[in-house]
Number of protein chains: 2
Amino acid sequence: MLTPAIEDYLKAIYDLAGEDGRASTSGLARRLDVAPASVTGMLRKLAERRPAWVVYQKSRGATLTPEGRLRALEILRHHRLIECFLHDALGYSWDEVHAEADRLEHAISETLEDRMASRLGDPLADPHGHPIPRKDGTLPPRREIPLADLPVGSSAVVSRVSDGDPALLRYLKGRGIVPNASLAVVDLGPLGDPLMVRVGDASETCALSRKVAGEVHVHDGPRERGQGT
Amino acid sequence: MLTPAIEDYLKAIYDLAGEDGRASTSGLARRLDVAPASVTGMLRKLAERRPAWVVYQKSRGATLTPEGRLRALEILRHHRLIECFLHDALGYSWDEVHAEADRLEHAISETLEDRMASRLGDPLADPHGHPIPRKDGTLPPRREIPLADLPVGSSAVVSRVSDGDPALLRYLKGRGIVPNASLAVVDLGPLGDPLMVRVGDASETCALSRKVAGEVHVHDGPRERGQGT
DNA sequence: TGGGACAATTAGGCGCCACTAAACGAGGGT
DNA sequence: ACCCTCGTTTAGTGGCGCCTAATTGTCCCA
């Protein structure tokens, strides 16, 4: 079986993993809000069980095995389908869905997962634009970059925004920065911060700090199918 | 806070409690599928915490305090609203809802509870006819008796059926024994078992063992508002 | 009143998942 | 090359919720 704690670790490793696929002890501790020592213990356990879910080298972080990755994607699918469902079927706003989904993702059955998915028409992305893993554990590939990396003068389409902070989400929605919105970086402040961004065909521009712009990802459009709202 | 285990105990005490409001150690152990010794330990804990949720006298079982009762009813409200929601909004059959609700009841927020309730039009009973506690912890009073206690020759209306066993639920639905169905006991077998029951205005009767008839509750109609389907 | 039968409790332990405190190690700067 | 720092690991603990085995209570019946 899979305890909620284990599911949380796998999910965290999955999305903290960078280029090399490795997640650090301290990164996980921060993300999961536990002491680093606790992370060490859990990583040892996940590496020792058969089949192993992570490969763990002392002091060098952990990487998911194929089995662990599959598990992580299952949880992620749960999480994002629940977000969609709360948003589309129960009128949750996009800044409320994350917290609720974090608890429910550990409690739903495969049956409920399937029924929600078909009720929603097998959505491809959650309300923040994050892609929903398919049942077989695959993810539609995407070419996207942080808005912060978009050169001045170029335009793009929002593909996703990070969903961790409700206040940030409300802020972004207030400025029309939602998946599928098109935007352009029209100017930079001193030292490259903030970015002056025009959203859609508004006449106004808004100022986004580099920090905020790092939480928004864009692709070069014209449009992707199946983004959230 | 309230762990899932504690919630399960409170719920179990609530609905094992008979006339005197007491639930026995062994009864709880059977219901919760744990060893009697585990029950003893948990009851001590629930009695010692402030505010206490149960009154516990060694070897004489436990009763809920008003606070404990309120907690139990909150969980019960969760459980039954979830059953309604799965049934009405996601097409679950009435024998599937119980197991799923047993896991979800511990994970939903007050917000989700409220939204499901208003989406469903504040239902008064779950799909098996069990009344849904109101937010203030009150329950609509009911006068109902086990079908097994209905005298031969009299008729009544089904108010609820027990929801623990999916096979029993499928069996009952197959015979039209659902909340609000009217039925009559037309005869008894030898030793009073089985009961010969006519459902609705069918020409056939069906035979229900006393054991099964104890799992079906009836009232004298003509009709109660807000029963499940 | 004294067993017997069965319910309930105590005693001791285990796995999970966190914690703190203290030791360890890896890498950068001097 | 050495040291210092910061990240990481080890060691030891604690709460929770369960277990088994052994003991104690309770109650009914002869």
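Convention: sequence-line order gives letters A, B, ...; per-chain numbering from 1.
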Practice prompt. Would you kindly give the CZ-to-C1' distance between R44(A) and dC16(C), to the nearest whole Å?
Written response: 15 Å
Item to complete: Establish, with yes or no, whether the OP1 or OP2 oxygen of dC19(D) is under 4.0 angstrom from a side-chain nitrogen or oxygen of S38(B).
Response: yes
Item to complete: Round to a whole Å and report the spacing from CZ of R31(A) to P of dG7(D).
Response: 18 Å
Discussion item. I'd like to check the side chain to side chain contact (heavy atoms under 4.5 Å, CB included) partners of E113(B); sequence neighbours left out, ordered by chain and number.
Written reply: R77(B), H78(B), L81(B), I108(B), E110(B), K135(B)
Worksheet entry | For D20(B), salt bridge (charged side-chain N to carboxylate O under 4.0 Å, His left out) partners two or more places apart | R22(B)
Write down the protein N/O and nucleotide N/O pairs, taken from nucleotides 14-17 of chain D, whose separation is under 3.5 Å; answer none if there are no such pairs.
residue: dG17(D); atom: OP1; partner: T3(B); partner atom: OG1; Å: 2.4
residue: dG17(D); atom: OP2; partner: K45(B); partner atom: NZ; Å: 2.1

Item to complete: Would you kindly give the CD-to-C1' distance between Q57(A) and dG7(D), to the nearest whole Å?
Response: 16 Å
Discussion item. Expressed as a whole number of angstroms, how long is the span from L10(A):CG to dC17(C):C1'?
Written reply: 15 Å
Discussion item. The criterion is salt bridge (charged side-chain N to carboxylate O under 4.0 Å, His left out); which residues satisfy it with R60(A), sequence neighbours excluded?
Written reply: none
List, with names and distances, any nitrogen or oxygen atoms from the protein found under 3.5 Å away from nitrogen or oxygen atoms belonging to nucleotides 24-29 of chain D.
none

Worksheet entry | Those residues that, when tested against E100(B), pass salt bridge (charged side-chain N to carboxylate O under 4.0 Å, His left out) (two or more places apart) | R103(B)
Discussion item. Rounding to an integer number of Å, can you tell me how far L28(A) CG sits from dC17(C) P?
Written reply: 15 Å
Fill in: Side-chain N or O of S26(B) closer than 4.0 Å to phosphate OP1/OP2 of dC6(C)
no
Practice prompt. May I have the distance from L43(B) (atom CG) to dA7(C) (atom P), rounded to whole angstrom?
Written response: 16 Å
Worksheet item: Does A99(A) have any side chain to side chain contact (heavy atoms under 4.5 Å, CB included) partners at least two apart in sequence or in another chain, and if so, which?
Response: none
Item to complete: Please identify each residue that fulfils side chain to side chain contact (heavy atoms under 4.5 Å, CB included) with S93(A), with sequence neighbours left out.
Response: D95(A), E96(A)
Item to complete: Please work out which residues in residues 18-25 of chain B have a non-hydrogen atom less than 4.0 Å from an atom of DNA chain C and list them by number.
Response: S24(B), T25(B)
Worksheet entry | Counterpart residues, side chain to side chain contact (heavy atoms under 4.5 Å, CB included), relative to A12(A) (two or more places apart) | L28(A), R31(A), L32(A)
Worksheet item: Which nucleotide in the list dT10(C), dT10(D), dC19(D) gets nearest to the side chain of A35(B)?
Response: dC19(D)
Identify each donor-acceptor pair in which a side-chain atom of residues 210-217 of chain B lies under 3.5 Å from a protein atom, sequence neighbours left out, and give them as a table.
residue: R210(B); atom: NE; partner: G192(B); partner atom: O; Å: 2.8
residue: R210(B); atom: NH1; partner: A148(B); partner atom: O; Å: 3.1
residue: R210(B); atom: NH2; partner: G192(B); partner atom: O; Å: 3.2
residue: E215(B); atom: OE1; partner: S162(B); partner atom: OG; Å: 2.7

Discussion item. According to salt bridge (charged side-chain N to carboxylate O under 4.0 Å, His left out), who are the partners of D8(A), at least two apart in sequence or on a separate chain?
Written reply: none
Worksheet item: Whole-Å distance between dC19(C) P and L32(A) CG?
Response: 10 Å
Worksheet item: Hey, does the side chain of T25(A) reach the backbone of P36(A) with a donor-acceptor pair shorter than 3.5 angstrom?
Response: no
Item to complete: Can you tell me the distance, in whole Å, between the CZ atom of R30(B) and the C1' atom of dA7(C)?
Response: 10 Å
Worksheet entry | Cation-pi geometry met for R115(A) and Y92(B) (6.0 Å, 45°) | yes
